[in-house]
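One structure below.
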Number of protein chains: 2
Amino acid sequence: MTQVRQTKKTTIYDLAELAGASASAVSAVLNGNWKKRRISEKLAQKIIRIAEEQNYAPNKQASSLRSNKSKIIGMIVPKYDNRYFGSIVEHFEAMARERGLFPIITCTRRDPSLEIEAAKTMLSYQVDWLIATGATDPDKITQICATSGVPTLNLDLPGTLATSVISDNYSGAKALTSRILHNNQQRQGRLDPLVFIGGRNSDHNTRERLRGFCEAHREYGIEVSEARILTCGYAAEKAENALRDFISTLLPSASNPNNMEPNLKPNIEPNLLPGLFVNSTISLEGVIRWMSKQGYIGKKQPAMGCFDWDPFVALLGHDIEMVKQDVPAMLNAIFELIDSSAQGDNNLTEPNDKAQVRRIEIPPLPINEGTLYCS
Amino acid sequence: MTQVRQTKKTTIYDLAELAGASASAVSAVLNGNWKKRRISEKLAQKIIRIAEEQNYAPNKQASSLRSNKSKIIGMIVPKYDNRYFGSIVEHFEAMARERGLFPIITCTRRDPSLEIEAAKTMLSYQVDWLIATGATDPDKITQICATSGVPTLNLDLPGTLATSVISDNYSGAKALTSRILHNNQQRQGRLDPLVFIGGRNSDHNTRERLRGFCEAHREYGIEVSEARILTCGYAAEKAENALRDFISTLLPSASNPNNMEPNLKPNIEPNLLPGLFVNSTISLEGVIRWMSKQGYIGKKQPAMGCFDWDPFVALLGHDIEMVKQDVPAMLNAIFELIDSSAQGDNNLTEPNDKAQVRRIEIPPLPINEGTLYCS
DNA sequence: TTGAAAGCGCTAACAG
DNA sequence: CTGTTAGCGCTTTCAA
C-alpha cells in the first residue's frame, strides 16, 4: 500500500495495467463471473490481490449506466420520530443488503410535494425499485415511476396502482377498541363511547381504524357521535389542542355551563374523561402532555389505547393498551414480492401489471405491558 | 402526455429530437446555464416544456460519471431507535436538500464491520461527502474515503483524522450529574455517589461523560468507586442486566447477606436504590423496565438522569432529568464546514488536511419537564 | 446562437 | 483462456 491519498480514483484500467491484463478481464474477475469467462485462477487471484492493494472501489455509476441496473432500492418514509418507521427502515436496510441491493431512504415529512420531488430524485439516481411508505399519494408516485419503467410497492398506506402491504387496520383497531371499552367499564363502572384522536380523514389507515372503532362500539351496543372523532392530523401539538378543545366543549364551565354532549350529560363528572383511542404514538405524546398538565392521571386517567407501540409508553404507568404493527412480517411480504419479480424477469409480467395489483394485510400484534407500576 | 409507460427511459437525445435541437442544447437548458451558452429564450422554453411533457428524469449516473461530481452526500448512522439519531437524520436530509445535495443514509447498527462495508459501498456510489455519525471507528472510515479522495466529517463521536462535531459531553454530563446528586439529596436526605449505566468504555463520549460524572462528584466531595461504573453497552437488555447484577451485589439477601459495597453499608436500606446516571435513552429503557418490575417506583424511585432526551420519558413521572443534545446546532456546524469547503474549491486546501482537523463541541441543552404527574 | 464529437468507467458481445 | 470494441446518457470543449 503505497498511496494514502490519490487525486484520481483507481479504475479497472489502472488495475489492468498493473496486472498486465485487459480491462474486461479485470471487470469479469471483479464481478465474480470469471468461471464463465474461463479466466485462469492465477490471473483472477492476481487481479483480486491488486484490487485490494489499491483499495479499489468500483464505480457503480459507470457500471449501472452500462448494465442498466443500479441495484439501488429506494424507500420514501414520512418521519423518523417514532419506533414504527424507525423499525421499518432498519429492517428494510438489513433485508436489502442481504440481497445485494443498496438501500437509500428519504424522509418526506408527510409533505405531498416533497414526496413526489423525492420520488423524481430517486428516479434520477436510477433506483431499480421504489417503496413508498406511508405516502400521502402513493398512486402519484407509482405513476411517475411507471413513466420510467421503475416498479413500486406501497407500504403502510395503500394505493390502487401498485401492490400494497399494510397492517390489518380494521381488525387491529376493532380489537384495540374492545379492550379499551372493557378497561373503561372496569374503571368507571359503565360503558361510554370513546374518543378517537389523531390521524387524517384522508388517509386509508385512519378510515379503516375508524371503521373498526365504530364496529367495536356497535358490538357493545354503543353509538358514537361524530363529535368524538378528532382526526386532527398526527402531530403532537394538534392532538393536544384537539383534545383540549373537545374537553372544553364537554365539561361544564363558567363560560359554557350547559354545553355538554347530550348523551354524556347523565354521566358526566368534572374529572372523568372519556376513554381514548389514540391513532399514533406521536399523537399520544400530545394527549399525554395535556392530560398530565391537567392532572388527569392516576385514578383520574381514563382508559386508553394507542395504535402503535413505544417502549416508554409501555412503562408510562398509564395502563395504555397498544397495538404493535408487525414490521418484520410486513417487510417479509415486501421482499417476497421483490424476490419473485426478480426471478421471473421476463417482459411478459410487468411489475405493476393491472391484474397483479394486490393488497396484503398483515395482522398487528396486541401488546399490553402496562400496569407495571404507578398503579 | 401520450405515454403512461415506456419500456425505455427518455434521454436528452429524445428531447433534442422532439425539440429540433441538439443534445448539448438540451443539456445546457436543463442545467440552467443557457444564459451562459446564450441559447435563445424561445428554444429554452420549448425544451423545458417538452421535458415536462415527457416527464423527463435526467440520468444522474451518467451526469455524474461525466462531470465527476455526484451531488450525493452520504451519512452513516448507528440506529434509528431513538429520537437523537432520528432528529439528526431528519435535519441532515432537510439541510442537504436545501443545498441541492442528495442525502443517502445508511444504518450500521453499531457493527464495526458493517460500518466500513457501508462506507465502501457509498464510495462505489460516488458520494461527494461522507458523514460518519456515531461511528465506532471514524478514522478507518476517513482513511478509506481519503483513498478515493472523498472528504469526510465525524458527527457525534469524534475521530482524529477528520473534523468532528460533537456534543460537549463533559460539561453536559457534569451539569446533569450535579442535578441528579442534588435531587438525590432532596429525596434521600444525604449525598451518595450515583451509578453510571450504559455506553461503552471504548467510546469517547462515554469516557467524557464519565469524566464529567466524576468531576461533579468531586465537587460534591464524594468518591466514586469503580464498581459503580456500569459501561455495559447501549442495548436496553444489557443495561437491565447490568443494573440487576449490580443491585444484587449491593443489597443484602439470603445468598449474600454481607456482600455490600463498603461505603454504602452505613446507609443502605433494602428499598433505597442509588441515584442513576443513564447514558442513553435506549439504556434507560432497560433501566426503567427493571425498576418497574422490582417496584422501585414512586417514592422508592431514586433520583435519575439521562444523557439524551425522549418525549415520553419527560412524561414518565419518574422525575428524570435529561440532557438534550443540540442537533440543529450540530448540523449547522456540519454544513458550515461543507459549504465553506465548496466555496474555496481550490486544490490547495485538502478537505481533511492535517492542519484543518478540528473538534467542534456543541453544548447540549438541559431539560426538565419531569414532575408533570404521578408525584 | 448552436451542433459535433470526445470521453467519463464500466459491461458485454465478439473475435480471436 | 483473453483482448478489442462499442456504447450506456451525459457534459464539455471546440468549431462553426
Side-chain angles (χ1 to χ4, degrees), chain A residues 6-47 51 54 56-72 123-128 148-150, chain B residues 6-47 51 54 56-72 123-128 148-150:
Chain A
Q6 54 198 59
T7 178
K8 215 173 161 336
K9 294 180 186 178
T10 318
T11 74
I12 49 170
Y13 286 98
D14 302 327
L15 299 184
E17 188 158 7
L18 287 168
S22 75
S24 52
V26 172
S27 170
V29 168
L30 262 28
N31 286 314
N33 41 13
W34 50 281
K35 62 277 160 153
K36 210 195 151 234
R37 285 209 42 167
R38 301 190 305 175
I39 287 170
S40 66
E41 176 125 15
K42 200 178 122 196
L43 212 208
Q45 300 294 333
K46 187 177 178 186
I47 287 174
Q54 296 299 310
Y56 171 73
N59 185 330
K60 288 294 292 179
Q61 310 268 33
S63 135
S64 54
L65 176 59
R66 181 62 232 251
S67 64
N68 208 30
K69 51 220 303 281
S70 67
K71 297 268 181 187
I72 300 178
L123 284 182
S124 281
Y125 283 98
Q126 307 300 112
V127 291
D128 282 345
S148 300
V150 172
Chain B
Q6 52 198 67
T7 177
K8 215 173 159 340
K9 295 181 185 177
T10 319
T11 74
I12 49 171
Y13 287 95
D14 302 327
L15 299 184
E17 189 159 6
L18 288 167
S22 75
S24 48
V26 173
S27 170
V29 168
L30 262 28
N31 286 313
N33 39 16
W34 52 278
K35 63 281 160 143
K36 213 198 148 230
R37 284 209 46 166
R38 299 191 307 176
I39 288 169
S40 66
E41 177 129 13
K42 200 178 124 200
L43 213 209
Q45 299 294 333
K46 186 176 181 188
I47 287 174
Q54 296 299 309
Y56 170 72
N59 185 330
K60 288 294 292 179
Q61 310 268 34
S63 130
S64 53
L65 175 61
R66 180 63 232 248
S67 65
N68 207 32
K69 47 218 306 278
S70 68
K71 297 267 182 188
I72 300 179
L123 285 182
S124 282
Y125 283 97
Q126 308 302 111
V127 291
D128 283 345
S148 301
V150 172

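Every chain is numbered from 1 and lettered A, B, ... according to where its sequence line falls, protein lines coming before strand lines. These figures come from a predicted structure and were not determined experimentally.
Judged by closest nucleotide on DNA chain C, B:Gly20 is the one of B:Gly20 and B:Leu65 placed further toward the 5' end. Comparing B:Asn68 and B:Ala21, the nucleotide of DNA chain C nearest to each residue sits closer to the 5' end for B:Ala21.
A:Ser24 OG to A:Ile39 CD1: the interatomic distance, rounded to the nearest 0.5 Å, is 7.5 Å. Annotation: the span from B:Leu65 atom CG to B:Ser70 atom OG amounts to 11.5 Å, rounded to 0.5 Å.
OP1 or OP2 of D:dG3 lies within a sub-4.0 Å distance of a side-chain N or O belonging to A:Ser22. Proximity of A:Ser40 to the phosphate of D:dT2: a side-chain N or O atom is located under 4.0 Å from OP1 or OP2.
A:Thr11 is linked by a side-chain contact (heavy atoms from CB on, under 4.5 Å) to A:Tyr13, A:Asp14, counting only residues two or more places apart in sequence or in another chain. Remark: B:Tyr125 engages A:Phe102 in a ring-ring contact (aromatic ring centres under 6.0 Å, His included) (not counting sequence neighbours).
Counting heavy atoms of neighbouring residues, nucleotides and ligands inside a 6.0 Å radius, atom CD of A:Gln45 exceeds 12 of them. Around atom CG of B:Asn68, no more than 12 heavy atoms belonging to other residues, nucleotides or ligands sit under 6.0 Å away.
If you take CG of A:Leu30 and C1' of C:dC10, they are 11 Å apart, rounded to a whole angstrom. Taking atom CD of residue B:Glu17 and atom C1' of nucleotide C:dA4, one finds them 16 Å apart after rounding to whole Å. One atom, CD of A:Gln126, and another, P of D:dG9, lie 9 Å apart when rounded to the nearest Å. The separation between B:Tyr125 atom OH and C:dC10 atom P is 13 Å, rounded to whole Å. C:dC8 atom C1' lies 14 Å from atom NZ of B:Lys60, rounded to whole Å. One atom, CD1 of B:Ile39, and another, P of C:dG3, lie 8 Å apart when rounded to the nearest Å. Across the protein-nucleic acid pair, A:Tyr56 atom OH and C:dC10 atom P stand 3 Å apart, rounded to whole Å.
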Contact state string [nucleotides 11-16 of chain C, B base, S sugar-phosphate only, - no protein heavy atom under 4.0 Å]: BBB---
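Within 4.0 Å (heavy atoms only), A:Asn59 reaches sugar-phosphate atoms of the nucleic acid but no base atom.
In this structure, A:Ser124 contributes its side chain and B:Lys60 its backbone to no donor-acceptor pair below 3.5 Å.
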